[in-house]
Amino acid sequence: MQHSIQSNTTWKTPSNIAIVKYWGKRDVQEPVNPSISFSLSEATTTTKITASPSEKGGFTFLLDGKEQGSFDKKIRKFLELAQVRLPLIKDHFLKIESSNTFPHSTGIASSASAMSALAFCLADLQHQITPENPLDISEVSSVARLGSGSAARSVYGGWNLWGRLTEIPESSDHYAVPVPVSVNPVFQKFHDDILIVKSEKKPVSSSAGHALMNHHPYRNGRIKQAHDNTLNLIKYLETGNLEGFIEMAESEALSLHALMMSSTPSYTLLQPNSLLLIEKIREFRKTKDIPVSFTMDAGPNIHLLYPDEYQKEISGWQEKELQPLCEKSRIIRDNVGNGPQKIINS
Ligand code: PMV
């Protein structure tokens with residue numbers, strides 16, 4: 001039975017960066033292909049929800065202490081979908097207070113951390129109200145997915161898989177799972193330095209991009225590519241195969257952008273400096289024999305990837321050659337993180 005009480009909880013959850021990209025979906029937010037990402041350590045969202053009994057439900061959303069109406073539509077849609085599993089949403093007013101560690105409008109997607117933080121808070125509150133409902137992490141992932149597909153992977157630290165493959169029985173389209181292997185040390189302390197090329201809001205949203213995959217001429221080929229890459233990446237993560245990783249990470253990133261360029265209507269998110277950075281990274285890898293590579297999200301920024309042991313060699317080159325190509329010399333330095341945390345006494 002559901003009791004109405006006033007209660008609050010606070011969770012801090014990470015953003016993540018995909019190596020095998022989720023691109024294209026079916027209703028409701030189920031992926032057309034499997035994806036793998038790692039959770040970040042520094043790029044996080046902290047959210048506090050205070051729930052007060054109210055027959056009409058409802059919510060208010062504050063980002064960094066200020067009302068942010070522009071997010072209301074997305075949050076309302078998410079709450080509507082989530083209330084089927086979390087009935088407290090229907091009879092509580094939710095005061096949602098969020099803040100991000102990464103600067104606003106730097107082109108870093110915040111939806112993965114934002115939606116996973118919301119999902120943890122709501123599942124925790126539901127558990128407080130109806131203790132017979134355990135705080136089940138697959139369920140939290142599944143709820144986070146309803147807000148943003150990539151958020152499903154932000155409920156754990158380390159490397160995570162989302163999307164069903166018959167070869168991996170524990171995998172699911174509904175929720176993410178940690179990759180089902182022991183990750184080689186070379187990938188455990190992996191870096192992701194985000195080279196900010198342009199921080200403006202992107203002209204085509206992820207949702208619109210996913211939708212263009214419905215009738216994309218390369219749809220079936222893409223689904224097969226992502227499936228094969230997922231199985232291979234799991235092997236590389238286990239064996240520490242950096243060469244295989246680099247080849248695949250870059251091909252995945254460029255394939256994502258190639259899909260955008262070949263959709264109807266077609267569009268480009270890359271900027272001239274995105275391509276210059278890619279060239280510089282490939283040249284440095286070749287001439288210095290250092291296993292540095294890149295990936296990209298649905299945007300112009302370049303994510304520089306490398307194992308921890310090369311940090312020193314990379315930092316001087318990064319400052320001299322890469323930083324001048326970044327908007328306002330901006331680089332956000334991050335690495336594999338430990339995952340969500342409940343904040344006590346907030
Ligand atoms: O979670 P969404 O709907 O914002 O989609 C994210 C898509 C990519 O970031 C491009 C890839 C991914 O798997 O995170």
Side-chain angles (χ1 to χ4, degrees), residues 13-40 43 45 71 73-75 77-78 81 100 102 106-119 141-156 159-165 171 173-177 179 192 194 201-214 216 222-223 225-227 229-230 233 248-261 263 267-270 274 294-303 305 334:
T13 63
S15 184
N16 67 67
I17 178 71
I19 301 302
V20 179
K21 311 287 179 185
Y22 145 57
W23 201 236
K25 60 180 159 187
R26 291 185 294 266
D27 275 348
V28 175
Q29 304 265 85
E30 288 186 23
V32 296
N33 66 265
S35 58
I36 293 184
S37 63
F38 62 88
S39 290
L40 296 172
T45 297
F71 294 100
K73 202 169 145 206
K74 195 158 186 186
I75 296 172
K77 191 172 163 214
F78 167 66
L81 292 171
N100 296 326
F102 43 99
T106 39
I108 308 301
S110 56
S111 61
S113 52
M115 290 299 171
S116 56
L118 271 181
S141 173
S142 182
V143 169
R145 186 196 95 229
L146 300 174
S148 167
S150 55
R153 299 183 309 240
S154 270
V155 303
Y156 313 96
W159 291 82
N160 303 302
L161 160 70
W162 171 45
R164 173 84 185 137
L165 300 104
S171 64
D173 283 344
H174 299 142
Y175 51 84
V177 293
V179 289
D192 173 16
I194 310 165
K201 197 172 177 304
K202 51 192 179 195
V204 181
S205 70
S206 288
S207 307
H210 286 295
L212 292 175
M213 284 309 288
N214 291 343
H216 199 289
R222 167 58 192 158
I223 293 172
Q225 178 195 35
H227 179 276
N229 281 348
T230 299
L233 179 55
M248 176 195 296
E250 297 189 351
S251 159
E252 268 291 320
L254 293 170
S255 296
L256 172 71
H257 285 265
L259 289 166
M260 298 169 193
M261 291 182 204
S263 61
Y267 62 107
T268 50
L269 297 180
L270 296 177
S274 316
F294 67 86
T295 187
M296 285 174 282
D297 248 335
N301 302 325
I302 301 292
H303 292 244
L305 306 169
D334 216 324

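By convention here, the first residue in the shown sequence is residue 1. Counting convention: from 1, in listed order, for ligands and their atoms alike.
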Item to check | Verdict with reasoning, K21 to T295, per side-chain hydrogen bond (donor to acceptor under 3.5 Å, both in side chains) | outcome: CA-CA 10 Å; K21 311 287 179 185; T295 187; 2.8 Å; yes

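Side-chain contact between F102 and D334: absent, with no pair of heavy atoms (C-beta onward) separated by less than 4.5 Å. Side chains of T13 and S154 form no contact here, defined as non-hydrogen atoms less than 4.5 Å apart. Within the 4.5 Å cutoff, side-chain heavy atoms of L270 are placed close to those of M296. Side-chain contact between S142 and R145 is present, with heavy atoms from C-beta onward closer than 4.5 Å.
The main-chain N or O of P300 is found under 3.5 Å from a side-chain atom of S274 such that the two form a donor-acceptor pair.
When heavy-atom distances to ligand 1 are checked against 4.0 Å, the residues falling inside are A18, K21, Y22, W23, S111, S148, G149, S150, R153, S206, H210, L256, D297, A298, ordered by chain and number.
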